[in-house]
Every structure is written in C-alpha cells, then in structure tokens.
Amino acid sequence: LLIRTSILNKLSADLCNQLRFDDEAQILMDGSAFLSELENSNLFIVPLDFEQRWFRYHHLFADLLKIRASQKYSTKLNVLHHKASVWYEENGLIYDAMAHAFESDNHERAAELLTTHYEAMLKSGQNARIWGLLSRLPEPILLSSPDLLTLKAWDQFSRGALDVAAGYLDEAEKLLIEHTGVDPLPTKTVLVGFDSSKIEGRIAGIRAFISSYRGDIPGIIHYAQISLDKLPAEDSVWRSLISVALGDAYGMAGDLDAAYNARVEAVRNSKTSDNIYLQLLASLKLAITLRMIGRLQEVIDLCTELYADVESRGLTQITIVGWLLAIWAETLAETNQLDQALEMTQRGVKLTESGDDIAMEGWSKLCLGRILFTLGDLNGSQAIFMGLQELSNEGYVPPFIQGQFSTWLARISIVHGNTDFATKWAETLKLSVDGEINQLNEGIYISYARVLLQQEKLSDAELILNRLLDEASKVGRITRMVEI
C-alpha cells in the first residue's frame with residue numbers, strides 16, 4: 001500500500017482504501033490503520049490539516065516510492081490513477097479527479113470531467129486551472145467537443161490571440177453543422193444532444209468580445225444581439241458578460257449614459273451567478289465608467305468593497321485582482337494619494353504579469369506608467385511604456401490600450417525636450433487639426449495639442465483643445481474635461 005499510494009499528492013484513509021485492492025483481490029491494510037502506523041512510526045509523513053485527515057509523504061521519500069512504483073507496478077499505474085480519479089470525483093474534488101485522469105492517459109475521461117464541471121470551477125475563480133487542463137487535451141479530443149472548443153476560444157481570446165480564438169469558434173460552428181446540417185448562425189436554432197442554443201450564444205458572445213478588442217463597434221452590437229437572442233434566460237453568467245461587451249461598445253461610441261446602464265445591468269446579472277470572476281469583471285467595468293464621469297469616491301468605495309470580498313474568499317492572488325488594484329490605485333492617484341497609489345498599482349502589475357490576460361496586464365501597466373509620470377519619475381514611466389510596446393509584440397493588445405503607450409512616450413519626450421520624437425509620432429499617425437476625434441483617439445489628440453504647444457502653434461493647439469472639450473462635455477467625461 002505504501003508503494004501504491006505513492007501516486008497521490010495527498011493521502012486520506014478513504015482514498016488509501018480505494019487503492020487497497022489489486023486484480024487478484026488481495027486485501028491490504030485498512031487505510032486508517034495504515035496512516036496511523038505511518039504517523040506513529042514517524043515514517044516521512046506530514047499532516048496537512050489540524051484534524052489530521054489529510055497527509056502527504058515527505059518529498060524525498062515520495063520520489064523514492066515513485067521510482068519503486070514504476071518498477072513494481074509499471075503495468076498497473078494507469079489503473080491506480082483511474083481508481084484515484086474516480087474517488088476524487090465521487091468526493092467532489094474535481095480538479096484532482098481530472099489530474100489523475102490525465103496521469104492514467106484517459107484523456108476522454110478528463111475531457112468529460114472538464115465539460116461537466118468547468119462552469120462550477122469558473123464560479124470559484126479557478127480560471128488558470130481550467131486553461132492549464134485545456135492545454136493538456138490532445139487536439140483530436142478538443143476538436144470533438146463544441147463546449148471545449150468554445151472554452152478554448154475564450155482562453156485564447158484572454159491571451160490576446162484573437163485570430164486563434166476565432167479559429168476555434170469556427171471549428172465549434174462546424175461541429176454544430178455536422179451534427180445537424182443546419183447553419184447555427186445568425187438566426188437558426190439547432191437541436192442536438194447538447195444545448196446547442198447555449199453554445200451558439202456563447203460563440204456569438206466571444207465574437208462580440210473579439211470585436212471589442214478590435215475596436216469594431218458595429219461588430220460588438222451585432223454579435224451581442226445574436227448572443228442575447230440565443231442564450232437561455234437562466235444563463236446569467238454569459239448574459240452578464242454580453243452586457244459587459246455592450247457597455248464597451250457604448251463607451252467606445254462616447255455614449256456614457258448607455259454604457260453606464262449596460263454596466264449596471266451586467267453587475268446586477270453577475271450577482272445572481274455566484275461567479276466571483278464575473279462579478280469582478282462587471283464591477284470593474286462599471287468602476288471605469290464611473291471614473292470617466294468623475295464619480296471618483298464611488299470608484300474608491302466600490303474597489304474597497306470588491307477587495308474585501310475577494311479577501312474574505314481567500315482569492316487575493318488571482319489575476320483579475322491585479323486589475324482591481326490598478327484601477328483603484330489610479331483613482332487614488334487622482335485624489336492625490338500618490339504613495340498609496342504607487343504601492344497598490346505595483347502589487348497589481350505583479351498579479352497581472354503572473355496571469356495570461358494580456359489586456360489586464362496592459363491596462364495595469366498603463367496605470368503604473370501614468371502614476372510614475374505624475375510622481376515625476378520620467379525614466380521609470382518611460383521604461384513601463386517601452387515594455388508595453390514589447391508586450392504588444394507577444395500578443396494582440398486591444399486598441400484602447402495600444403494607442404495609449406505610444407502616446408505617453410510622445411508626451412514624455414515633450415517633457416524631456418525631445419520635440420523631434422513627438423513631431424515624428426504625430427506625423428506617423430497623420431494627425432491634423434481637423435482630424436476625426438472620438439473616444440478611442442481622444443488621448444492621442446490631447447498629446448497632439450501638447451506637441452503643437454511645444455512647436456508654438458498656439459492657434460492650432462487651441463482649436464484642438466476646444467474640439468476635445470466640446471466632445472467631452474457632450475457626454476459628461478469629467479476626468480477628460482479636467483485634463484483638457
């Protein structure tokens with residue numbers, strides 16, 4: 001039993017009992033007696049809880065046992081891992097069940113477990129674990145499941161691999177067509193063994209987010225409407241996500257009232273789902289909108305409440321909390337609490353760097369760069385924005401982030417007196433006093449006005465600033481109005 005249980009990262013009496021029997025029905029020592037004897041003999045076993053229900057072997061001892069197991073049970077290791085997987089599933093420890101399914105080379109079982117349980121794992125903030133498990137699935141198995149293909153597309157989207165994500169969505173749609181012979185989008189509903197309407201809605205939803213990252217406002221609205229038409233009323237998680245995407249579209253279009261209403265709706269839906277990731281995402285999008293319209297204390301209060309919630313759940317180290325800290329920090333900086341803001345945003349950047357969401361990492365670094373600039377650390381700020389340029393080479397950085405770091409580099413060059421760099425930047429973007437100004441390029445034109453001031457073209461600078469002020473005033477973007 002000592003050798004058999006070496007395949008386990010943690011031991012309990014019942015789990016040890018699961019591995020007591022071999023093909024010849026030999027019965028080994030009872031699991032409880034086995035663990036008691038090991039503990040009483042001080043044989044390289046470490047308790048993992050105060051109740052001493054869970055234990056693990058000392059790492060070096062475990063390595064020795066695994067070598068012995070590979071020699072004695074080389075033909076039975078897969079069977080032992082399967083037994084462990086079944087026990088973990090029956091006892092609600094799904095991640096461990098999947099891990100042992102992979103160890104037993106039973107990828108079909110791992111895929112089935114992931115398909116059945118990934119939504120519950122998402123609710124508890126186990127996104128990183130899900131992406132890791134997905135990456136271990138062989139491509140043929142992945143390509144046989146529209147559910148897993150949709151999930152993989154979401155993973156790739158969050159990494160900034162938009163074309164790859166779209167490819168997985170195409171494959172998911174092909175599966176739906178192969179099962180039914182009916183084109184699933186944009187209006188037809190197909191009836192198959194799985195919930196095809198839900199899958200169609202999620203495919204359209206991810207396409208709406210891809211459109212958002214590309215700055216395609218009509219695309220966001222088009223796919224969001226398809227998604228809402230397809231998704232079941234009870235799918236509050238995805239309906240809330242689509243409200244988030246619609247808020248993006250309205251915000252990009254400069255309609256902050258509509259953006260605010262969509263954000264509030266997304267937060268309301270998220271609270272019915274018990275999905276902490278979704279609640280944070282929806283609430284932070286609302287915080288961004290509140291900041292844009294100058295309701296800074298509400299942003300601070302909301303971020304304080306959100307952090308207290310994740311702290312009570314023991315989830316302060318997940319990636320999205322880094323984004324929370326960065327948004328909170330930049331709002332504190334606007335209220336002149338700069339030292340606290342710097343420390344907080346540095347923590348946020350470390351968390352987002354450890355994850356796979358390129359947009360959250362990029363946004364957090366933008367916040368850090370702007371705070372360093374406000375503190376007068378121009379070299380530190382410049383290093384952050386130059387690093388963002390390198391980050392954009394690793395994956396697709398959304399346009400609402402990508403346009404900002406080159407703009408800030410131009411702004412820093414103006415402060416350094418390097419007008420040649422700033423002038424070349426403006427020429428590269430083909431900026432002009434009568435160019436179109438919108439939500440996505442507003443920051444660019446503010447920096448362009450600074451370039452014109454540096455060049456002593458005061459009339460042109462004033463013309464642009466007046467246009468910017470008019471646009472910001474129309475929709476109540478208080479933060480921009482103050483800057484202009």
Side-chain angles (χ1 to χ4, degrees), residues 9-10 48-50 54 92-96 99 117-133 154-155 158-159 237 240-241 244 263 266-267 270-288 290-291 296-335 337-372 384 391 401:
N9 291 325
K10 54 186 178 182
L48 297 177
D49 56 12
F50 290 114
W54 287 97
L93 299 169
I94 304 303
Y95 177 76
D96 296 289
H117 297 286
Y118 76 83
E119 294 199 44
M121 294 177 70
L122 285 172
K123 284 183 180 180
S124 58
Q126 299 183 63
N127 300 50
R129 280 184 164 184
I130 292 173
W131 310 147
L133 291 165
W154 183 256
D155 169 39
S158 69
R159 297 172 190 269
V237 171
S240 181
L241 281 171
V244 168
R263 304 297 196 208
V267 171
S270 73
K271 290 182 177 178
T272 67
S273 69
D274 196 33
N275 183 316
I276 184 60
Y277 176 88
L278 177 59
Q279 290 173 20
L280 287 170
L281 177 63
S283 297
L284 290 174
K285 290 284 190 174
L286 175 60
I288 291 168
L290 288 170
R291 178 173 171 267
L296 302 184
Q297 189 56 52
E298 289 182 53
V299 177
I300 293 170
D301 292 343
L302 177 57
C303 290
T304 303
E305 178 185 337
L306 292 172
Y307 192 82
D309 185 24
V310 295
E311 193 171 37
S312 69
R313 298 170 184 251
L315 296 174
T316 56
Q317 297 304 305
I318 61 177
T319 302
I320 194 170
V321 174
W323 191 36
L324 160 62
L325 290 171
I327 293 170
W328 189 0
E330 192 163 37
T331 311
L332 290 174
E334 286 198 56
T335 61
Q337 302 177 62
L338 291 172
D339 290 338
Q340 183 181 356
L342 178 61
E343 184 273 333
M344 187 178 288
T345 197
Q346 286 172 333
R347 286 166 50 205
V349 166
K350 285 182 180 179
L351 282 176
T352 57
E353 283 180 331
S354 67
D356 295 314
D357 194 306
I358 199 167
M360 290 185 188
E361 181 181 350
W363 189 295
S364 301
K365 288 181 175 178
L366 274 177
C367 293
L368 177 57
R370 290 190 290 241
I371 290 171
L372 289 170
I384 292 294
L391 181 67
I401 295 175

Closest heavy-atom pair and its distance - Val299, Ala287: CG2-O, 3.4 Å
N/O donor-acceptor pair under 3.5 Å between Ser283 side chain and Gln279 backbone: yes
Nearest-0.5 Å distance that lies between atom CG in Leu290 and atom CZ in Arg263: 10.0 Å
Rounded distance (nearest 0.5 Å) linking atom CD1 of Ile130 with atom OH of Tyr118: 9.0 Å
Residue Lys10 excluded, over 12 heavy atoms near NZ under 6.0 Å: yes
Can you give each donor-acceptor pair under 3.5 Å made by side-chain atoms of residues 317-332, sequence neighbours left out, with the distance rounded to 0.1 Å?
{"from": "Glu330", "atom 1": "OE1", "to": "Arg370", "atom 2": "NH2", "distance (Å)": "2.9"}
{"from": "Glu330", "atom 1": "OE2", "to": "Arg370", "atom 2": "NE", "distance (Å)": "2.4"}
{"from": "Glu330", "atom 1": "OE2", "to": "Arg370", "atom 2": "NH2", "distance (Å)": "3.2"}
{"from": "Thr331", "atom 1": "OG1", "to": "Ile327", "atom 2": "O", "distance (Å)": "2.9"}

Separation of Ser158 OG from Asp357 CG (nearest 0.5 Å): 5.0 Å
Rounded distance (nearest 0.5 Å) linking atom CG of Leu281 with atom CG of Asn275: 9.5 Å
Value rounded to 0.5 Å, distance of CZ in Arg291 from CG in Leu302: 14.0 Å
Closest non-hydrogen atom pair between Ala282 and Val244, with its separation: CA-CG2, 4.0 Å
Min side-chain heavy-atom separation Thr352-Trp363 under 4.5 Å: no
Heavy-atom side-chain contact between Asn9 and Asp96 under 4.5 Å: no
Side chain Ser240, main chain Val237, donor-acceptor under 3.5 Å: no
Pairs involving residues 312-328, ordered by first then second residue, that meet salt bridge (Lys or Arg N to Asp or Glu O under 4.0 Å) (sequence neighbours left out): Asp309-Arg313
Residues forming a side-chain contact (heavy atoms from CB on, under 4.5 Å) with Glu311, sequence neighbours excluded: Tyr307, Thr316
Inter-residue atom distance Ser270.OG - Leu241.CG, 0.5 Å rounding: 9.5 Å
